[in-house]
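As structure tokens, the structure follows; a few thoughts come after it.
Atoms within a ligand are numbered from 1 in the order they appear, just like the ligands themselves. Note that the numbering runs from 1 along the sequence shown for the chain.
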Amino acid sequence: MSSRNLVVLGSTGSIGRSTLDVVRRHPERFRVVALCANRQIDRLFDQCVEFDPLYAVVGSEALAARLGERLRAASRATRVAWGEDALVRAASLPEADAVMAAIVGSAGLPSAFAAARAGKKILLANKETLVMGGEVFMRTVRENRATLVPIDSEHNAIFQSLPPAYSGDYARHGVEGLVLTGSGGPFRTHSRAQMRDVTPEQACAHPKWSMGKKISVDSATLMNKGLEMIEAHWLFGMPVDRIEIAIHPQSVVHSLVRYADGSVLAELGNPDMRTPIAQALAYPERIASGVGALDLFKTAPLCFDPPDFERFPCLSLAYRAIRAGKNAPTVLNIANEVAVEAFLDRKIGFCEIFEIIEAVMDRVPPLALDSMDDILAAGDEARRMSFSVIGERIASLRSDLQ
Ligand code: NAD
Ligand code: MG
């Protein structure tokens with residue numbers, strides 16, 4: 001289960017950079033064999049110069065040509081490729097032991113599946129893969145004897161708090177249930193009326209975690225906790241009604257596991273993603289991550305509250321989706337992705353994110369999904385429907401104004 005030769009998918013993002021920060025501290029332990037990103041080639045160039053990977057992947061042919069030229073001028077032998085096929089090849093490189101799957105959104109699904117098919121150790125940050133196709137993905141991991149270590153801080157905390165040989169059969173291990181904690185996001189104490197006019201900047205200013213824009217907005221709507229509930233269901237084989245959610249503004253307790261004897265085990269720490277990343281990279285060993293020691297005397301008191309489904313209705317949509325099963329979580333995920341992007345582009349308001357996802361879920365009929373291609377096709381249909389719902393709204397808003 002070595003992480004020695006590492007591929008980083010999404011290396012220029014928040015998780016990707018935190019991963020390289022941990023790797024940088026342990027040059028004797030890890031070797032970066034591929035770095036993959038989309039458009040930020042200046043940052044990717046610097047990373048290639050520092051880590052000297054065999055391969056780099058970018059989002060377009062033009063960017064690949066530019067990056068390749070700069071690397072040659074810097075006397076680097078890194079080979080540059082572009083596009084989804086290249087991401088899939090990078091995720092299944094024979095030279096690679098472990099793959100950090102940290103592309104944001106549904107764009108990360110084909111490469112995460114490729115890593116599973118190639119039997120790699122998968123460090124899974126891309127929760128959208130599990131939301132869109134959890135059943136098929138977990139089957140692919142099992143059939144190819146891949147190893148899955150969750151990076152999402154809550155799931156990594158649960159992973160650490162479960163018995164080491166946990167098989168997914170919770171009853172056999174005396175596990176009663178899981179508690180997912182969440183900070184409550186930047187609008188934890190806002191009324192629905194106050195949320196109506198919030199800006200993308202306010203939504204992205206997370207009080208505790210520094211993250212990419214999409215997951216920051218998901219944290220503000222609490223959709224993130226809904227996606228994480230679905231993620232936990234598939235990762236740990238846990239029925240949805242055994243997964244509780246607790247709003248915990250201090251973000252020190254990263255999640256908990258309840259046992260039959262009344263014991264509750266949890267993982268605590270400062271809110272910094274380098275802790276779960278280092279845990280997953282070194283597992284089952286422990287290495288330094290650069291995260292400072294938790295000062296217990298400065299963190300008290302720790303508070304826990306139930307989530308408010310009225311003010312944060314996106315959370316209810318996630319429950320609706322996982323209970324409906326089939327393509328419903330895929331539709332939820334894609335409609336959310338499109339709506340969040342429209343909000344970040346200032347085309348819709350914050351509260352419309354929920355309304356759009358609900359409208360898309362109402363319109364797309366149920367369909368069973370048995371393969372990755374089925375999941376991608378269901379995603380494409382949901383994306384078309386999401387664009388048409390947003391288009392109709394914008395058109396009706398314009399005619400109201402005329
Ligand atoms: P980010 O926006 O900071 O970075 C996204 C990365 O994905 C970038 O490197 C970008 O180049 C790459 N990317 C985007 N589209 C791509 C495409 N089509 N092809 C190739 N690369 C592409 O996002 P992030 O905050 O690092 O989040 C990454 C994933 O990790 C998400 O799924 C998120 O839910 C999950 N996650 C993040 C955090 C966090 O603290 N940031 C915590 C838990 C889970
Ligand atoms: Mg999380």
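With respect to atom 43 (C) of ligand 1, the closest heavy atom belonging to the protein is D152 OD1, 3.0 Å. The single protein non-hydrogen atom nearest to atom 34 (O) of ligand 1 is K127 CE, 3.2 Å, given as residue, atom name and distance. The nearest protein atom to atom 21 (N) of ligand 1, hydrogens excluded, is given as A37 C, 3.6 Å; this is a heavy-atom distance. The single protein non-hydrogen atom nearest to atom 25 (O) of ligand 1 is G212 N, 2.9 Å, given as residue, atom name and distance. Nearest protein heavy-atom contact of atom 5 (C) of ligand 1 is V104 CG1, 3.7 Å. Atom 12 (C) of ligand 1 has as its closest protein heavy atom G10 CA, 4.0 Å. The protein heavy-atom contact nearest to atom 18 (N) of ligand 1 is A107 CB, 3.5 Å. For atom 9 (O) of ligand 1, the nearest non-hydrogen atom of the protein is T12 OG1, 2.8 Å.
For the residue pair S183 / H206, a side-chain donor-acceptor distance below 3.5 Å is found, with atom types taken as modelled. Side chains of T129 and N126: a donor-acceptor N/O pair is present below 3.5 angstrom, by distance only. No side-chain N or O of N156 forms a donor-acceptor pair with one of E267 less than 3.5 Å apart. D373 and S371 form no side-chain donor-acceptor contact under 3.5 Å, judged by distance and modelled atom types alone. Side-chain contact annotation: R383 with S106, donor-acceptor N/O pair under 3.5 Å present. Side chains of Q47 and T12: a donor-acceptor N/O pair is absent below 3.5 angstrom, by distance only.
Here the CD1 atom belonging to I103 is positioned 13.0 Å from the CD1 atom belonging to I15, to the nearest 0.5 angstrom. Atom CG of residue L367 and atom CG of residue D374 lie 7.0 Å apart, to the nearest 0.5 angstrom. Note that the CD atom of E228 and the CG atom of D218 stand 9.5 Å from one another [nearest 0.5 Å].
Note: F304 and H248 have parallel aromatic rings, judged against thresholds of 30 and 60 degrees for the angle between ring planes.
Close contacts of ligand 1 with G13, meaning ligand atoms under 4.0 Å from a residue heavy atom, involve 1 (P), 3 (O), 4 (O), 8 (C), 9 (O), 26 (O). Here is the list of ligand 1 atoms found below 4.0 Å of a heavy atom in L87: 19 (N), 20 (C). For ligand 1 and A125, the ligand atoms under 4.0 Å from any heavy atom of the residue are 30 (O), 32 (O), 35 (C), 36 (N), 44 (C). Near N126, meaning under 4.0 Å from any of its heavy atoms, are these atoms of ligand 1: 32 (O).
Between F113 and F137, the distance from one ring center to the other falls under 6.0 angstrom.
Among the heteroatoms counted here (N, O or S) of E154, OE1 is the one nearest to the Mg ion (ligand 2).
Seen from the Mg ion (ligand 2), atom OE2 of E228 and atom OD1 of D152 lie 90° apart in angle, a value rounded to 10°.
Between R17 and ligand 1, a contact under 3.5 Å exists for no N or O pair. For ligand 1, the polar-atom distance check finds an N/O of N38 within less than 3.5 Å of one of the ligand's N/O atoms. Of the polar atoms of C36, none of the N or O atoms is found under 3.5 Å from an N or O of ligand 1, judged by distance alone. For the pair S14 and ligand 1, the shortest N or O to N or O distance falls below 3.5 Å.
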**Prompt:** Passes side-chain hydrogen bond (donor to acceptor under 3.5 Å, both in side chains), N144 versus K120? Steps please.
**Reply:** CA-CA 9 Å; N144 295 284; K120 304 295 186 196; over 6 Å; no

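Here H190 pairs with F187 under the ring pair (Phe, Tyr, Trp, His ring centres under 6.0 Å) rule; sequence neighbours left out.
Residue contacts with ligand 1 for A102 involve N, CA, C or O but no side-chain atom from C-beta outward (heavy atoms, distance under 4.0 Å). Of the heavy atoms in E128, only side-chain atoms (C-beta onward) come closer than 4.0 Å to ligand 1. When heavy-atom distances to ligand 1 are checked against a 4.0 Å cut-off, I215 comes that close only through its side chain, counted from C-beta outward. Of all the heavy atoms of L9, none lies under 4.0 Å from any atom of ligand 1, so neither backbone nor side chain is involved. Counting heavy atoms closer than 4.0 Å to ligand 1, residue M273 contributes side-chain atoms (C-beta onward) but none from N, CA, C or O.
A salt bridge is absent between D241 and R323: the closest approach of a Lys/Arg side-chain nitrogen to an acidic carboxylate oxygen does not fall below 4.0 angstrom.
Note that R79 lies outside the cation-pi zone of Y55, set by a 6.0 Å cut-off to the ring centre and a 45° limit from the axis.
The option from T129, L227, I15, D272 that lies nearest to atom 38 (C) of ligand 1, judged by heavy atoms, is I15. Atom 29 (C) of ligand 1 has its nearest heavy-atom neighbour, among I277, I103, V57, in I103.
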